[in-house]
Structures are given as structure tokens and as C-alpha cells.
Peer 1: 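The structure under discussion is supplied below as C-alpha cells; questions concerning it will follow.
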Amino acid sequence: MSRSAPGPQELLEIAIEVAREAAATAYRMRVEGVSVAATKSTATDVVTAADRAVERQVLDALGRRRPDDGVLGEEYGAGQGGPVGAGGVRWIVDPIDGTVNYLYGLPYCAVSLAAEVDGQVVAGVVRNIHTGEEWTATVGGGAWRDGVRLRCSGETDLGQALVATGFGYDAGRRGHQARVVAELIPHVRDIRRLGAAALDLCLAAEGRLDAYYEKGLAAWDLAAGGLVAAEAGLRVTGLAGRPPGPDLVIAAPPALYEPLHDRLAALDASGGP
């Protein structure tokens with residue numbers, strides 16, 4: 001990391017402050033009532049007014065604290081700052097991860113904010129909008145919730161593993177993902193589809209889920225939750241030695257990683273539309 005960048009803990013403190021303010025705004029807007037403002041990839045891939053308002057609040061807050069930093073957000077893309085050079089900080093924000101849950105009033109949605117330096121995520125926070133549960137991590141500093149350091153599941157048998165996943169919005173992709181689940185479910189304890197990738201990764205970090213995989217994650221889905229998962233001891237990768245990314249993300253404890261990875265590879269989990 002360049003000396004020009006603050007340390008991970010300093011960046012985390014900024015992230016926590018901004019994410020808490022953003023989560024409070026999202027919660028207030030949900031109580032007041034929320035509606036669909038637009039759609040993205042399909043008619044079911046919705047954006048609410050709160051998504052946009054919360055991301056704008058995050059951009060403004062970061063702009064006051066760190067005006068020269070870059071920001072990558074789900075709704076506004078590269079929302080501020082110029083190109084991020086060596087040693088520069090880029091913030092990666094998902095204003096409401098789990099927008100459909102948020103729209104329906106289901107208490108499984110979060111603000112996710114991470115700080116990246118030289119292409120590496122070094123600090124991140126995920127805060128549940130409804131419950132206030134908050135997960136944090138810094139690179140090399142561990143993953144935490146409510147002052148307790150997190151460790152992933154100690155499960156060693158894939159057949160006893162509770163595995164989370166998610167589905168895309170494109171009908172063709174969903175069909176392929178459903179076929180993967182249908183072939184995987186006989187080989188695990190059960191499958192959970194909760195609808196917010198960042199929270200899935202955090203639950204896996206503390207062993208409330210044993211493992212997680214999904215195709216189609218964007219940087220803002222993965223950045224903060226992926227760091228929390230990795231710092232809790234999960235292996236977070238793509239298939240066949242590739243880094244985690246849109247093709248596939250696998251997050252699993254060391255003992256479950258190889259059997260889950262190999263099963264997903266055999267099922268072509270990264271394939272399809």
C-alpha cells in the first residue's frame with residue numbers, strides 16, 4: 001500500500017460512519033414508504049428512489065471527508081473523483097444490497113461500503129438496514145461483529161453444509177442457476193436463497209451459513225462482504241484458480257472448499273447466460 005493512503009483502520013472508521021448514516025436514511029425512507037423508481041437489466045431488476053438517495057448521500061459524505069478519492073457505486077457508477085492512481089483510494093458502495101427485499105419490507109437488506117487501495121479491498125462494512133447488525137473487516141485485521149471476532153464454520157462434510165446462493169434477473173440465467181441448484185441440493189444439507197449477497201457472505205463469515213456461491217456478482221456486491229468472509233477464514237475465489245467475480249464467487253471454509261468447488265465445476269455453475 002502506498003504511504004499516501006490512510007491505513008485500513010482509518011478507512012474503516014470513515015466507512016462505518018458513512019454506512020451508519022446511510023442505513024439510517026434507508027430505514028427512514030422504508031418506513032415512510034417506497035416505490036419502484038426504475039428498472040435495470042429486466043423488469044424485475046428494480047431500483048427504488050431510496051437506492052439513489054442513499055448512494056447520493058454516501059457520495060456526498062465521502063466527498064466531504066475524502067474529496068480526492070474515487071467512488072464506484074451501483075447506481076451512479078464512477079460517482080466522484082478522477083482516475084485512481086497508485087496509492088489512491090477507491091470506495092465501492094452498494095447503497096441497498098437486497099433491493100427487492102427492501103421493496104417488500106423483508107428485513108434482509110444492507111448498506112455495503114468498502115475501501116480499495118491499489119486494487120485491493122482493505123476495509124469494509126456491511127450494515128443491515130432493518131436490524132442494525134454490522135459486520136466489519138480490515139485486511140489482516142480480522143472480521144468482526146459487535147466486538148466479537150468472527151470465524152467461519154468448522155463443518156467438514158459437504159453433505160451437512162447449509163449453502164446459500166442467489167439468482168440473476170435474466171430468465172435464461174435463472175434457468176441455468178436453477179438447474180445447478182437442483183443438481184447440488186442432494187449433496188448438501190440444504191440451500192438458502194436470502195436475496196442479499198453481502199449479507200450472505202457475512203453470515204457465512206460467522207458460521208450462520210456454512211458456505212455460499214453465486215454467479216453474476218458485481219464489485220459492489222462482493223467488495224465489503226468478500227473481505228469480511230476472507231478475514232473470517234473462508235476461501236473466497238472463482239472457479240479453477242480464477243479470482244472471484246461475475247463468473248462465479250465461492251466462499252467456503254477450507255474443509256468444504258474443494259468438494260463444493262469441484263461439484264460446482266462439474267455442474268458448470270459459471271456457465272449459462
Peer 1: Within a strict 4.5 Å, meaning less than it, do heavy atoms of the T156 and L256 side chains meet?
Peer 2: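 No; the side chains remain at least 4.5 Å from each other.
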Peer 1: Sequence neighbours left out, what pairs pass ring pair (Phe, Tyr, Trp, His ring centres under 6.0 Å) with at least one residue falling in residues 186-209?
Peer 2: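 Counting only pairs at least two positions apart or across chains, no ring pair (Phe, Tyr, Trp, His ring centres under 6.0 Å) contact touches residues 186-209.
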Peer 1: In the structure I gave you, are the side-chain heavy atoms of E134 and N128 within less than 4.5 Å of one another anywhere?
Peer 2: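 The answer is no; the side chains never approach within 4.5 Å.
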Peer 1: Tell me which pairs pass ring pair (Phe, Tyr, Trp, His ring centres under 6.0 Å) where either residue lies in residues 241-273, with sequence neighbours left out.
Peer 2: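 Ring pair (Phe, Tyr, Trp, His ring centres under 6.0 Å) check on residues 241-273 returns Y257-H261.
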Peer 1: Under 3.5 Å, side-chain donor or acceptor atoms of residues 104-114 against the rest of the protein: list the pairs with distances, not counting sequence neighbours.
Peer 2:
residue	atom	partner	partner atom	Å
Y108	OH	D200	N	3.3
Y108	OH	D200	OD1	2.8

Peer 1: Is E133 close to R127 at the side-chain level, that is, under 4.5 Å between some pair of heavy atoms?
Peer 2: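 A side-chain contact is absent here, since even the closest heavy-atom pair is not under 4.5 Å.
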Peer 1: Is there a side-chain contact between M29 and V34 (heavy atoms, below 4.5 Å)?
Peer 2: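 Of all side-chain heavy-atom pairs linking V34 with M29, none is under 4.5 Å.
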Peer 1: Can you tell if the side chain of V89 reaches within under 4.5 Å of the side chain of P6, non-hydrogen atoms only?
Peer 2: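 In contact.
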Peer 1: Could you identify which residues cluster with W144, counting Ile, Leu, Val, Met, Phe, Trp and Tyr as linked when any side-chain heavy atoms lie under 4.5 Å apart, either directly or through a chain of such contacts?
Peer 2: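 None, because no other hydrophobic side chain comes under 4.5 Å of this residue.
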Peer 1: Do the side chains of V139 and V121 get nearer than 4.5 Å, heavy atoms only?
Peer 2: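 Counting from C-beta outward, V121 and V139 never come under 4.5 Å.
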Peer 1: What's the shortest heavy-atom distance between I96 and E74, and which atoms?
Peer 2: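 So the minimum-distance heavy-atom pair works out to O-OE1, 4.4 Å.
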Peer 1: Nearest 0.5 Å please: distance from the CZ atom of R145 over to the CG atom of L150.
Peer 2: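 That separation rounds to 7.5 Å.
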Peer 1: Just verifying a value: how many Å separate R56 CZ and D51 CG, rounded to the nearest 0.5 Å?
Peer 2: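 Taking CZ in R56 and CG in D51, the distance rounds to 13.5 Å.
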Peer 1: Are the charged groups of E183 and R263 less than 4.0 angstrom apart, N to O?
Peer 2: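 No, E183 and R263 are not salt-bridged.
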Peer 1: So, does D97 use its side chain to make a donor-acceptor pair with the main chain of D221 at under 3.5 Å?
Peer 2: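 A pair under 3.5 Å: no.
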Peer 1: Give every donor-acceptor pair under 3.5 Å between a side-chain atom in residues 223-231 and any protein atom, sequence neighbours left out.
Peer 2:
residue	atom	partner	partner atom	Å
E231	OE1	G140	N	3.4
E231	OE1	G142	N	2.9
E231	OE2	G140	N	2.8

Peer 1: Name the atoms and distances for all side-chain donor-acceptor pairs under 3.5 Å in residues 209-219, with sequence neighbours left out.
Peer 2:
residue	atom	partner	partner atom	Å
D210	OD1	S153	OG	2.5
D210	OD2	L162	N	2.7
Y212	OH	E214	OE1	2.5
K215	NZ	S270	O	2.9

Peer 1: Within 45° of the six-membered ring axis of F167 and under 6.0 Å from that ring's centre, is NZ or CZ of R173 located there?
Peer 2: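 R173 over F167 ring: no.
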Peer 1: Got a second to check how far Q9's CD is from L11's CG, nearest 0.5 Å?
Peer 2: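 These two atoms lie 9.5 Å from each other.
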Peer 1: Closer than 3.5 angstrom, by distance alone: can the side chain of E75 be matched with the main-chain N or O of R52 as a donor-acceptor pair?
Peer 2: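 No, E75 side chain to R52 backbone: no donor-acceptor pair under 3.5 Å.
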Peer 1: Within the 4.5 Å heavy-atom criterion, are V122 and E116 side-chain neighbours or not?
Peer 2: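 Of all side-chain heavy-atom pairs linking E116 with V122, none is under 4.5 Å.
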Peer 1: Working to the nearest 0.5 Å, report the span between CG of L184 and CG of L260.
Peer 2: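 Rounded to the nearest 0.5 Å, the CG-CG separation comes to 6.5 Å.
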Peer 1: Under 4.0 Å between a side-chain nitrogen and a carboxylate oxygen: does that hold for R208 and E155?
Peer 2: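 Here R208 does not pair with E155 in a salt bridge, since their nearest N and O are not under 4.0 Å apart.
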Peer 1: Does Y102 offer a backbone N or O that forms a donor-acceptor pair with the side chain of R30 under 3.5 Å?
Peer 2: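 Present.
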Peer 1: To the nearest 0.5 Å, what is the distance between CD1 on I16 and CD on E21?
Peer 2: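 One gets 12.0 Å once the value is rounded to the nearest 0.5 Å.
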Peer 1: Less than 4.0 Å between a side-chain N and a carboxylate O, is that true for D68 and R66?
Peer 2: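 Salt bridge flag = no for D68 with R66.
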Peer 1: State plainly whether the residues R65 and E10 are in salt-bridge range, i.e. N to O under 4.0 Å.
Peer 2: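 Looking at E10 together with R65, the answer is no, because their closest N to O distance does not fall below 4.0 Å.
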Peer 1: Any side-chain heavy atom of L194 sitting closer than 4.5 Å to one from L203?
Peer 2: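 Yes, at least one pair of side-chain atoms sits under 4.5 Å.
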Peer 1: To the nearest 0.5 Å, tell me how far R242 CZ sits from L248 CG.
Peer 2: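 If I round to the nearest 0.5 Å, the distance is 8.5 Å.
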